[in-house]
Amino acid sequence: MTEPVKKSAIQYRADSIKRRNRFATVSVILSLILVCFSYYFFQIFYTTNIDTKDLPAFVYIHRGDNWQKALVAAENTGAVIDKLSLHFVGKLMGYNKPGAVKPGRYELKTGMTNRQVINLLKSGRQTPLKLTFTNVRLRRELASKLSKQIDAKPKQIDSLLSSPSYTRSLGFDTTTVLSMFIPNTYELYWNTSAQNLMQRMKSEYEKFWTPERDEARHKLGLTRVQVSTLASIVEAEQQQHADERPRIAGVYLNRLKRGMKLQADPTVVYANGDFGIKRVLNVHLQKDSPYNTYKYAGLPPGPIDLPSIASLNAVLHPEQNDYLYFCAKDDFSGYHAFATTQAQHLVNARRYQAALTRVGIR
């Protein structure tokens, strides 16, 4: 039987040195790996990954979007430098967990890190927008303009505006509900629903009608809707020069007091549904519609557009005058020639018609 060979002290020492060297090598390698990973994690979490190039960059996250769609929406802004790292950090930070994705409109700014972006999206801290709407005649036009600014489809908004029961709950009907929308700039969130928007507009409407404004309309014998309706006609008559609107309002109020038909050309255009009409002719006057103020006395059933606050105030504070007629001036300045008698009005009207003919408008 062969006896095991005993290692000498030198051999033990050599093996020990080898083991230490191997351990040191592995330690160095692991340290390098750790340093590399630490550096990588530092890079993807804490270094800039957003460059907007001085342009607005908004992330729009729709209701029902998952975390991947949300991050693709961020990429679509064109401001994300490294898309892969954004997704990686999003997953590491739990953006893929239920309830982490919050719909809304979020602003990205140059210098933001992936960590800051994900924290922003998870927080729900949206950037509000400025909602505006002008030059609207019809419900569908209003629905279209509003839907382009918030996360609501035109059909969703139009269905509310066209619903007799819903408009009644707001204190209007489907004909008068447009008077609830006071053209202004309103700050709200992009993900405001169609129904919440209606409630907001109703609230703003009530704020607009202060006790002072209500008192002014009471003196005129008008309802709020009637003020809006008359203001819409005044604005349609005078779009260029707001300083003339109180005078025009005074004319129409004079006609209403005397029981005269308003005979407002803009209402005829509205009744015909042809907003390209430049010259109202007899054929247009024959249109049988409650909006045709050449056929029917009094105010139309509702506004023919969304009057501005300036026009609403012009009706509430009209010029006190004796005029009963007016027509555009023949110098095409945008102002009008006013008259107290029909005879003088016909003279003014012939001058304007002759001027139209001279420039080829028939």
Notebook entry, point to check: Quick one: side-chain contact (heavy atoms from CB on, under 4.5 Å) partners of S203, sequence neighbours excluded?
Noted result: K207
Checklist line | Pair L324-R258, side chain to side chain contact (heavy atoms under 4.5 Å, CB included): steps then yes or no | finding: CA-CA 10 Å; L324 293 172; R258 297 194 181 198; 3.4 Å; yes
Notebook entry, point to check: Is a side-chain N or O of Q238 found less than 3.5 angstrom from the main chain of G334, in a donor-acceptor match?
Noted result: yes
Note to self: One pair to check against side chain to side chain contact (heavy atoms under 4.5 Å, CB included): L306 and T134. What are the steps and the verdict?
What the structure shows: CA-CA 7 Å; L306 296 188; T134 55; over 6 Å; no
Next item on the list: Could you tell me which residues satisfy side chain to side chain donor-acceptor pair (under 3.5 Å) with T110, sequence neighbours excluded, listed by chain and number?
Entry: T52
Note to self: Let's go through I150 and L188 carefully: what are the C-alpha distance in whole Å and the side-chain angles of both, what is the deciding distance for side chain to side chain contact (heavy atoms under 4.5 Å, CB included) to 0.1 Å, and is it a yes or a no?
What the structure shows: CA-CA 9 Å; I150 64 172; L188 47 73; 3.9 Å; yes
Next item on the list: Kindly indicate whether the side chain of N49, heavy atoms from C-beta on, has any atom under 4.5 Å from the side chain of T113.
Entry: no
Next item on the list: Tell me, please, which residues at least two apart from S193 pass side chain to side chain donor-acceptor pair (under 3.5 Å).
Entry: N196
Checklist line | Validation row: L197, L160 side chains within 4.5 angstrom (heavy atoms) | finding: no
Notebook entry, point to check: Mind checking whether D151 and H62 have side chains closer than 4.5 Å, heavy atoms only?
Noted result: yes
Check: Looking only at atom types and distance, does a side-chain atom of S232 sit under 3.5 Å from a main-chain N or O of I304, one as donor and one as acceptor?
Finding: yes
Next item on the list: Starting at CD of Q263, measure out to CG of D265 and round the result to the nearest 0.5 Å.
Entry: 9.0 Å
Notebook entry, point to check: What residues, two or more places apart in sequence or in another chain, satisfy ring pair (Phe, Tyr, Trp, His ring centres under 6.0 Å) together with Y95?
Noted result: none
Sequence neighbours excluded and cut-off under 3.5 Å, please list the side-chain donor-acceptor pairs for residues 173-182, or say none.
residue, atom, partner, partner atom, Å
D173, OD1, T175, N, 2.8
D173, OD1, T176, N, 2.7
D173, OD1, T176, OG1, 3.1
T176, OG1, D173, N, 3.0
S179, OG, T176, O, 2.6

Next item on the list: Indicate the atoms forming the closest heavy-atom contact of E141 with N135, along with that distance.
Entry: OE1-O, 4.4 Å
Notebook entry, point to check: Can E206 and K202 be counted as an ion pair, charged N to O under 4.0 angstrom?
Noted result: yes
Next item on the list: Check whether any side-chain heavy atom of V101 lies under 4.5 Å from a side-chain heavy atom of L121, and answer yes or no.
Entry: no
Notebook entry, point to check: Under 3.5 Å, is there a donor-acceptor pair between the side chain of K122 and the main chain of G94?
Noted result: no
Next item on the list: To the nearest 0.5 Å, tell me how far K219 NZ sits from L222 CG.
Entry: 13.5 Å
Checklist line | Sub-6.0 Å ring centroid separation between F172 and Y166 | finding: no
Check: Taking C-beta and beyond as the side chain, do T357 and R279 meet within less than 4.5 Å on heavy atoms?
Finding: yes
Notebook entry, point to check: Around N184, counting heavy atoms of other residues, nucleotides and ligands shown, do more than 12 lie under 6.0 Å from its CG?
Noted result: yes
Note to self: Regarding R224 and D214, does a basic nitrogen lie under 4.0 Å from an acidic carboxylate oxygen?
What the structure shows: yes
Checklist line | Qualifying residues under ring pair (Phe, Tyr, Trp, His ring centres under 6.0 Å), relative to Y294, sequence neighbours excluded | finding: none
Check: Can a cation-pi geometry be assigned to R125 and Y106, taking NZ or CZ under 6.0 Å from the six-membered ring centre and within 45° of the ring axis?
Finding: no
Next item on the list: Find the distance between NE2 (H87) and CG (L92) and round it off to the nearest 0.5 Å.
Entry: 13.0 Å
Notebook entry, point to check: Within 45° of the axis and under 6.0 Å from the centre of the six-membered ring of F275, does NZ or CZ of R137 qualify?
Noted result: yes
Next item on the list: Report the relative orientation of the aromatic rings in F58 and Y60; use parallel for angles under 30°, tilted for 30 to 60°, perpendicular for over 60°.
Entry: tilted
Next item on the list: Assess whether atom CZ of R139 is packed by more than 12 heavy atoms of other residues, nucleotides or ligands within 6.0 Å.
Entry: yes
Next item on the list: Calculate, to the nearest 0.5 Å, the distance between atoms NZ and OG1 belonging to K109 and T48 respectively.
Entry: 14.5 Å
Next item on the list: Answer with yes or no whether the hydrophobic clustering places L129 together with L120; edges join I, L, V, M, F, W, Y residues whose side-chain heavy atoms lie under 4.5 Å apart.
Entry: no
Margin query: Determine whether E237 and V234 satisfy the following criterion, side chain to side chain contact (heavy atoms under 4.5 Å, CB included), listing intermediate values before the conclusion.
Written below: CA-CA 5 Å; E237 290 281 18; V234 169; 5.8 Å; no
Check: Between S163 and S159, is there a donor-acceptor pair closer than 3.5 Å when you use the side chain of the first and the backbone of the second?
Finding: no
Next item on the list: Compare all side-chain heavy atoms of N292 with those of D288 and state whether any distance is below 4.5 angstrom.
Entry: no
Margin query: Donor-acceptor check, side chain of S144 to backbone of R140, threshold 3.5 angstrom: yes or no?
Written below: no
Note to self: Just verifying a value: how many Å separate I309 CD1 and L316 CG, rounded to the nearest 0.5 Å?
What the structure shows: 11.0 Å
Item checked: Contacts of type side-chain contact (heavy atoms from CB on, under 4.5 Å), residue A231, not counting sequence neighbours -> P307, S311, L312, V315
Margin query: Can you list everything that forms a side-chain contact (heavy atoms from CB on, under 4.5 Å) with A339? Sequence neighbours excluded, please.
Written below: Y325, Q344, H345, N348
Check: Where the side chain of K295 meets the backbone of L285, is there a donor-acceptor pair that is under 3.5 Å apart?
Finding: no
Check: Under 3.5 Å, is there a donor-acceptor pair between the side chain of N254 and the main chain of G250?
Finding: yes
Margin query: Using a 3.5 Å distance criterion without hydrogens, assess whether the side chain of Q149 forms a donor-acceptor pair with backbone atoms of T132.
Written below: yes
Item checked: ring pair (Phe, Tyr, Trp, His ring centres under 6.0 Å) partners for H317, two or more places apart -> none
Next item on the list: Flag yes if M260 and Y291 sit in one hydrophobic cluster, no otherwise; membership is Ile, Leu, Val, Met, Phe, Trp, Tyr, and two members link when side-chain heavy atoms are under 4.5 Å apart.
Entry: no
Notebook entry, point to check: Partners of P103 by side-chain contact (heavy atoms from CB on, under 4.5 Å), sequence neighbours excluded?
Noted result: R63, N191
Margin query: Does R105 have more than 12 heavy atoms from other residues, nucleotides or ligands lying within 6.0 Å of its CZ?
Written below: yes
Next item on the list: Would you kindly confirm whether V59 and F88 end up in one hydrophobic cluster when ILVMFWY residues are joined by side chain heavy atoms under 4.5 Å apart?
Entry: yes
Notebook entry, point to check: Do F133 and Y189 share a hydrophobic cluster (ILVMFWY, side-chain heavy atoms under 4.5 Å, transitive)?
Noted result: no
Next item on the list: Using salt bridge (Lys or Arg N to Asp or Glu O under 4.0 Å) as the criterion, list what pairs up with E319, not counting sequence neighbours.
Entry: R247
Item checked: Contacts of type ring pair (Phe, Tyr, Trp, His ring centres under 6.0 Å), residue H336, not counting sequence neighbours -> F326
Item checked: Side-chain heavy-atom pair E244, Y335 within 4.5 angstrom cut-off -> yes
Checklist line | Check: V251 and F338 side chains under 4.5 Å, non-hydrogen atoms | finding: yes
Note to self: Would you say L170 ends up clustered with V225 if hydrophobic residues are merged whenever their side chains have heavy atoms under 4.5 Å apart, either directly or through other cluster members?
What the structure shows: yes
Margin query: Nearest 0.5 Å, please: how far is OH in Y46 from CG in N114?
Written below: 11.5 Å
Notebook entry, point to check: Is there a donor-acceptor pair under 3.5 Å between the side chain of D51 and the backbone N or O of A79?
Noted result: no
Notebook entry, point to check: Is there a donor-acceptor contact under 3.5 Å from the side chain of R245 to the main chain of A310?
Noted result: no
